[in-house]
Chemist: 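First the structure, then my questions, so here it is.
Atom set for the values below is all heavy atoms of this structure, side chains included, hydrogens, waters and symmetry mates excluded. The sequence lines fix the lettering, A, B, ..., with proteins before strands; numbering per chain opens at 1.
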Amino acid sequence: MAKSKKANTAANKENKYQQPVVTTESVMKKLQSASPLQASKVLIDMELYDQQSSLEVLDGIYKDFEKGSSVTDNLLNPLILNICDGLLSIDKLGLQKKGITASRLVNDINTFSYDEVSSTQKDQRIEKQNLNNNSKSHLDDKGKYVRDEIEDSTKKNNYTEEYFNGNTAVFSELEVNSDGEKKRIRKKGSDYNKNLQSKGKQTSTSSANNDHNLPLKMVFDEYGTSVALSKENLKEAANQKANFDVISEKINKIKLDESWTELKKKRDTLRGKDKLSSAEKKTLKNIENNITDSTFDNAIKREKEATKAVENHLNGSAFKNLTKDDKLIKKALNDTSNQVKNELKEQGLGELILLILKPISFEFKDIFQNGMLHSTGKTSKLSALMFRLKRATAYVLKNITNIGLGAIKDALSNFVKYLLNAIVDMFIGILKKAFKIIVEGFGAIMQAIRIMMGSSSPAQKADAITKLIATTVVTYIGFAFEETILGFINKLPFGDVLSQAVMVMFTGIASSVVVWMLDQADLFSVKDEMRAKRIGEIFDARIQQVKENTDAFETASIEKLAKDKLQFRSITEKMNNAIDNKQNVNDSVYDLADFMKIDLKIKSTDDFMDLLAEGNLAI
Amino acid sequence: MGLFSGLKSLGSKVWNGAKKVAKKAVKVVKAVAKKVVDTAKDAVKSVANQIKEEGIVNTVKKAGAKAWGAVTGKTTFEKAEKLYAEITDKYQKAKFNYEKAVKDIGNDIEGKVSKINSFKKDIYNVQFKRFTNMANRLSNVTVKGQPFEELFDDGILEIKKKVGVRNKKELFLIDFNNMSFAAAAGHVLTLGFFSRKAAKQSLLKVQKEEKRINEEIVNMATHQKQLNIVAKSIDSVVEYFEVLIKNYSKLLDRFEYGIQSQRFKQQSISDNLYAHKLDFKLIPIVHIEEFQALFNLSIVLKEMAILGYISDTGEVVKKDKKAADNLFIKTKSIQTLVA
């Protein structure tokens with residue numbers, strides 16, 4: 001419905017600015033229907049161009065443009081469609097995998113025209129989701145965490161020995177008491193501790209432990225997901241000097257498998273809580289009594305150094321493994337091809353569904369709106385229906401290759417993207433994050449290149465790329481805050497059902513708003529450029545029509561004037577001859593009256609005799 | 001299911017093909033990359049040569065001015081100014097030629113209308129008088145009404161809705177020629193974002209103005225052609241009057257001769273030497289036919305004499321003020337006539 005309405009309004013707009021059409025036939029007809037005596041008036045009255053001033057036309061086009069950019073069309077409709085997109089994504093219809101969203105469905109069907117070539121389209125959010133899924137598939141499963149497999153006791157003990165360096169007592173590497181003094185600790189089996197034990201006193205505050213600053217379990221869980229790293233690599237990285245801290249047994253037991261940052265966060269959370277359980281009270285007291293702020297500061301500073309050292313070591317190992325062992329690359333290639341193959345199948349099917357849906361819904365719409373026979377050129381309903389079916393089938397067959405090629409092109413681009421992603425996922429830490437940004441932006445970069453190669457104007461290209469960057473950024477920001485947003489949504493009633501839809505709606509709506517705002521700002525005067533183009537087209541068409549009108553007018557009127565002149569001369573010559581040769585002149589007079597379209601009441605000499613008999617001749 | 005499995009196998013076939021294509025693509029990319037590097041090298045070389053030839057100061061100056069123009073949009077503004085000057089000049093020339101042509105055609109038409117007016121008067125004052133004088137010997141003949149004297153107003157020949165090129169102020173959103181230091185500094189600080197946009201919009205406005213002006217110029221040319229044809233058609237009307245009045249007059253001569261001879265004939269056989277009217281029943285048919293032709297031709301000439309040829313503006317020639325009731329003045333709106 002909407003499309004046809006739009007088409008009608010577009011046609012009206014066209015007519016509004018169209019010049020009157022003058023043909024040689026129409027000029028001839030007008031001249032022939034009037035007396036040759038009236039030719040000048042007819043010629044003066046003939047409208048070869050409309051009476052709108054060119055400024056009025058210009059103002060009209062401006063107004064039409066403003067009407068076209070209504071908030072409803074450009075903002076409200078996309079927002080509603082975004083909500084539909086969200087709702088559609090709830091049901092496990094598999095529509096998303098196929099690249100079909102409500103926005104695309106409605107948009108494709110509404111703007112469908114048989115003249116346009118069907119092409120595949122990309123959806124930022126689905127792209128990002130696929131990439132996330134791709135990353136998930138790269139996670140390596142190294143089995144259950146077994147401390148002994150990751151811990152290197154020899155290195156650990158060596159480090160402790162080195163640190164004590166033959167002394168009986170040393171300062172803890174991290175601990176500082178409330179007076180700002182460093183804590184002294186001794187080996188667990190030292191005389192000092194034995195003495196305390198014999199007196200029944202606790203030795204945990206005075207006994208030294210060697211702690212892995214980044215806990216072994218954390219290293220295993222977090223970095224162990226890289227396929228390029230073995231348990232041995234993890235062991236080497238985690239048991240470096242940079243990751244060892246000689247501290248008191250007391251705080252080592254408080255810390256356990258947590259990192260210092262996590263422990264501090266735990267303390268702060270407990271401090272901020274209104275009501276604490278007795279266990280929580282005990283934990284908080286334990287932390288506060290034994291770990292001062294200065295200790296935390298030292299520990300977290302050391303944690304940063306340890307992280308850097310461990311990550312560098314692991315990235316080095318990953319690079320070494322990757323270059324040494326081509327099995328890894330082969331596996332990545334294989335996995336990537338499998339994913340791309342699956343996506344190609346899903347998306348190819350999706351595109352095929354859309355390709356068939358578009359012409360069929362167009363035909364239905366057209367039948368309901370304009371009737372079965374409209375624009376088919378057929379006279380019977382059955383033949384019109386057959387014509388419509390054939391037309392739709394022909395469209396599908398013609399475009400199926402395009403869709404196939406489009407899907408393959410997309411698949412190739414995805415292949416490169418996923419392969420890069422698989423390799424990036426083998427690395428860890430900041431390096432991985434930096435690589436990720438590039439890979440994640442790969443789709444956008446490819447699209448940007450495609451825009452740059454296109455035939456639109458530089459401003460249109462700049463505008464398209466700005467919008468592309470903006471929507472990409474918005475999508476990624478949405479994903480970055482996914483946990484926060486979903487955490488909030490899950491607390492709401494039906495939150496678990498809604499949570500799936502909410503992310504889709506959120507990123508979609510945010511993108512629409514950003515694009516709308518960019519449209520309003522029109523940074524590169526694209527709207528102005530389009531308006532100027534439209535104005536150019538309208539005026540060119542108007543000028544062309546006036547030229548054609550002028551040609552038709554000249555041709556027809558010159559021909560008619562010449563014919564009239566000839567006819568008049570032939571009549572009056574005959575008349576002149578009759579006068580000179582004393583012949584009856586009446587025939588020529590009647591010919592002349594006919595020529596001039598003057599109706600003479602006296603048709604014959606008998607009529608005239610009757611008139612004479614009446615005795616009153618009025619002219 | 002059939003469709004789905006079909007698609008699956010299609011997908012795997014396509015995939016195998018795609019792998020081959022990818023391998024080829026890598027080769028192509030390598031070749032392209034080499035070419036890009038070579039081209040870049042050439043470009044750098046040519047720039048280096050240019051610098052050597054022109055001297056560093058000049059090159060820097062030139063490059064600076066070019067960069068300033070590009071960043072602030074001054075280049076675009078200058079383009080807009082140039083185009084504005086071009087279209088103003090083009091329009092002025094077209095307007096001058098058009099107005100001159102319209103004036104000439106107007107004078108020509110005016111001369112012909114006044115000639116027609118004198119023909120009209122001649123028809124009533126000379127030809128019809130002669131005819132009625134002669135005809136009244138046979139029957140009572142009266143001519144009703146008066147000729148219509150057309151008033152020529154050259155206003156009807158002009159296009160009224162001409163706008164012309166609008167003032168520069170209406171089209172330009174920025175003026176680099178009269179820019180204060182503060183404004184210039186502002187544009188530099190904002191990286192020329194606003195000035196570039198204003199310059200581009202100005203250029204687009206002038207481009208739109210060019211299209212609009214083109215239409216006005218084409219309309220003027222069309223109107224000129226239309227008026228030329230109108231002038232030709234008026235020529236024909238003048239010829240109609242000339243030829244017909246001549247023929248009418250000659251026919252009157254023939255009729256007069258016939259009537260005179262019949263008068264002598266009827267007088268010689270009549271007792272009443274001073275009989276006022278001739279008996280038409282006694283007149284040979286050839287004279288009756290002449291009378292009939294003159295009568296009908298008079299109707300044609302009368303029709304011609306009471307018509308307006310360019311417009312309906314004018315007045316019926318009246319002999320006394322009592323005839324004011326019959327006054328026929330019809331002023332038609334000039335705009336609709338030009339339409």
Chemist: Is chain B contacted by the side chain of I602(A), its backbone, both, or neither, given a heavy-atom distance below 4.5 Å?
Modeler: both
Chemist: Is the number of heavy atoms from other residues, nucleotides or ligands within 6.0 Å of OH (Y257(B)) greater than 12?
Modeler: no
Chemist: Tell me, side chain or backbone of F131(B) under 4.5 Å from chain A's heavy atoms, or both, or neither?
Modeler: side chain
Chemist: Between I217(B), I109(B), V141(B), who has the most heavy-atom pairs with chain A when the cutoff is under 4.5 Å?
Modeler: V141(B)
Chemist: Among E290(B), K200(B), K302(B), single out the residue with the greatest number of heavy-atom pairs under 4.5 Å to chain A.
Modeler: K200(B)
Chemist: Considering only heavy atoms and a distance below 4.5 Å, find which of N247(B), I285(B), V230(B), L227(B) pairs most often with chain A.
Modeler: N247(B)
Chemist: Indicate yes or no: at least one non-hydrogen side-chain atom of L612(A) is less than 4.5 angstrom from one of F295(B).
Modeler: no
Chemist: Go through the atoms of Q207(B) and report whether side chain, backbone, both or neither lie under 4.5 Å from a heavy atom of chain A.
Modeler: neither
Chemist: Taking atom NZ of K533(A) as the centre, does the number of heavy atoms from other residues, nucleotides or ligands within less than 6.0 Å exceed 12?
Modeler: no
Chemist: To the nearest 0.5 Å, what is the distance between OG1 (T142(B)) and CD1 (I619(A))?
Modeler: 7.5 Å
Chemist: Quick check on the interface: out of G536(A), S525(A), A532(A), who has the most heavy-atom pairs with chain B under 4.5 Å?
Modeler: S525(A)
Chemist: Minimum heavy-atom separation for R531(A) and K208(B), please, with both atom names.
Modeler: NE-NZ, 4.0 Å
Chemist: Using a 4.5 angstrom heavy-atom cutoff, name the option from K560(A), E614(A), R569(A) with the most pairs to chain B.
Modeler: R569(A)
Chemist: Measure distances from E210(B) to the heavy atoms of chain A and classify the residue's part below 4.5 Å as side chain, backbone, both or neither.
Modeler: neither
Chemist: So which residue, L592(A), I558(A), V57(A), ends up with the most heavy-atom pairs under 4.5 Å with chain B?
Modeler: L592(A)
Chemist: Counting heavy-atom pairs under 4.5 Å to chain A, which of A293(B), S298(B), G308(B) comes out on top?
Modeler: A293(B)
Chemist: Aromatic rings H223(B) and Y49(A): how do their planes relate, parallel, tilted or perpendicular, breaks at 30° and 60°?
Modeler: perpendicular
Chemist: What part of K601(A) gets closer than 4.5 Å to chain B, counting heavy atoms only: side chain, backbone, both or neither?
Modeler: neither
Chemist: Measure the spacing between NZ of K225(B) and NZ of K547(A) and express it to the nearest 0.5 Å.
Modeler: 9.0 Å
Chemist: Could you look at D540(A) and say if it's the side chain, the backbone, both or neither that has a heavy atom under 4.5 Å from chain B?
Modeler: side chain
Chemist: Test side-chain contact (heavy atoms from CB on, under 4.5 Å) on E554(A) and I229(B) and set out the steps.
Modeler: CA-CA 7 Å; E554(A) 274 193 312; I229(B) 304 272; 4.2 Å; yes
Chemist: Answer yes or no: is there a side-chain heavy-atom contact under 4.5 Å between D235(B) and L561(A)?
Modeler: no
Chemist: Measure across Y590(A) and Q292(B) and return the closest heavy-atom pair with its distance rounded to 0.1 Å.
Modeler: OH-NE2, 3.0 Å
Chemist: State, yes or no, whether a side-chain contact exists between M575(A) and L297(B) at a heavy-atom distance under 4.5 Å.
Modeler: yes
Chemist: With rounding to the nearest 0.5 Å, note down the distance linking CD1 in I116(B) to OG in S40(A).
Modeler: 7.5 Å
Chemist: Strictly distance-based, threshold 3.5 Å: is any side-chain N or O of N586(A) a donor or acceptor partner for the main-chain N or O of E289(B)?
Modeler: yes
Chemist: Would you indicate whether K563(A), at its atom NZ, is surrounded by more than 12 heavy atoms from other residues, nucleotides or ligands within a distance under 6.0 Å?
Modeler: no
Chemist: The test is side-chain contact (heavy atoms from CB on, under 4.5 Å); show your working for E215(B) and V546(A) and say whether it passes.
Modeler: CA-CA 9 Å; E215(B) 176 172 309; V546(A) 172; 5.8 Å; no
Chemist: To the nearest 0.5 Å, what is the distance between CG on L204(B) and CE on M530(A)?
Modeler: 12.5 Å
Chemist: Taking all non-hydrogen atoms of both residues into account, name the closest pair between V237(B) and L37(A) and its distance.
Modeler: CG2-O, 4.3 Å
Chemist: Could you tell me the separation between the CG atom of D528(A) and the NZ atom of K205(B), rounded to the nearest 0.5 Å?
Modeler: 8.5 Å
Chemist: Which residue out of L611(A), N549(A), T550(A), D564(A) racks up the most heavy-atom pairs below 4.5 Å with chain B?
Modeler: T550(A)
Chemist: Please determine whether a side-chain nitrogen of the Lys or Arg among K250(B) and D580(A) lies less than 4.0 Å from a carboxylate oxygen of the Asp or Glu.
Modeler: yes
Chemist: Sort out for me which of L617(A), I543(A), N576(A), I535(A) touches chain B most, counting heavy-atom pairs under 4.5 Å.
Modeler: L617(A)
Chemist: Tell me, side chain or backbone of Q38(A) under 4.5 Å from chain B's heavy atoms, or both, or neither?
Modeler: side chain
Chemist: Sort out for me which of V243(B), V300(B), T222(B) touches chain A most, counting heavy-atom pairs under 4.5 Å.
Modeler: T222(B)
Chemist: What are the two closest non-hydrogen atoms of A578(A) and R254(B), and how far apart are they?
Modeler: O-NH1, 2.9 Å
Chemist: Between Q226(B) (side chain) and L43(A) (backbone), is there a donor-acceptor pair under 3.5 Å?
Modeler: yes
Chemist: Need one label for S604(A): side chain, backbone, both or neither, based on atoms under 4.5 Å from any heavy atom in chain B.
Modeler: backbone
Chemist: What is the ring orientation for F568(A) with Y240(B), classed by angle as parallel under 30°, tilted 30 to 60°, or perpendicular over 60°?
Modeler: tilted
Chemist: Against chain A, work out which of I299(B), I213(B), L244(B) has the most heavy-atom pairs shorter than 4.5 Å and name it.
Modeler: L244(B)
Chemist: Could you check M596(A) against E303(B) for side-chain contact (heavy atoms from CB on, under 4.5 Å), going step by step and ending with a plain yes or no?
Modeler: CA-CA 10 Å; M596(A) 289 186 169; E303(B) 283 293 321; over 6 Å; no
Chemist: So which heavy atom on I288(B) is nearest to which on F608(A), and how close?
Modeler: O-CE2, 3.8 Å
Chemist: To the nearest 0.5 Å, what is the distance between CG (L301(B)) and CD1 (I598(A))?
Modeler: 8.5 Å
Chemist: Heavy atoms only: give me the nearest L58(A)-R166(B) pair and the separation to one decimal.
Modeler: CD2-NH2, 3.3 Å
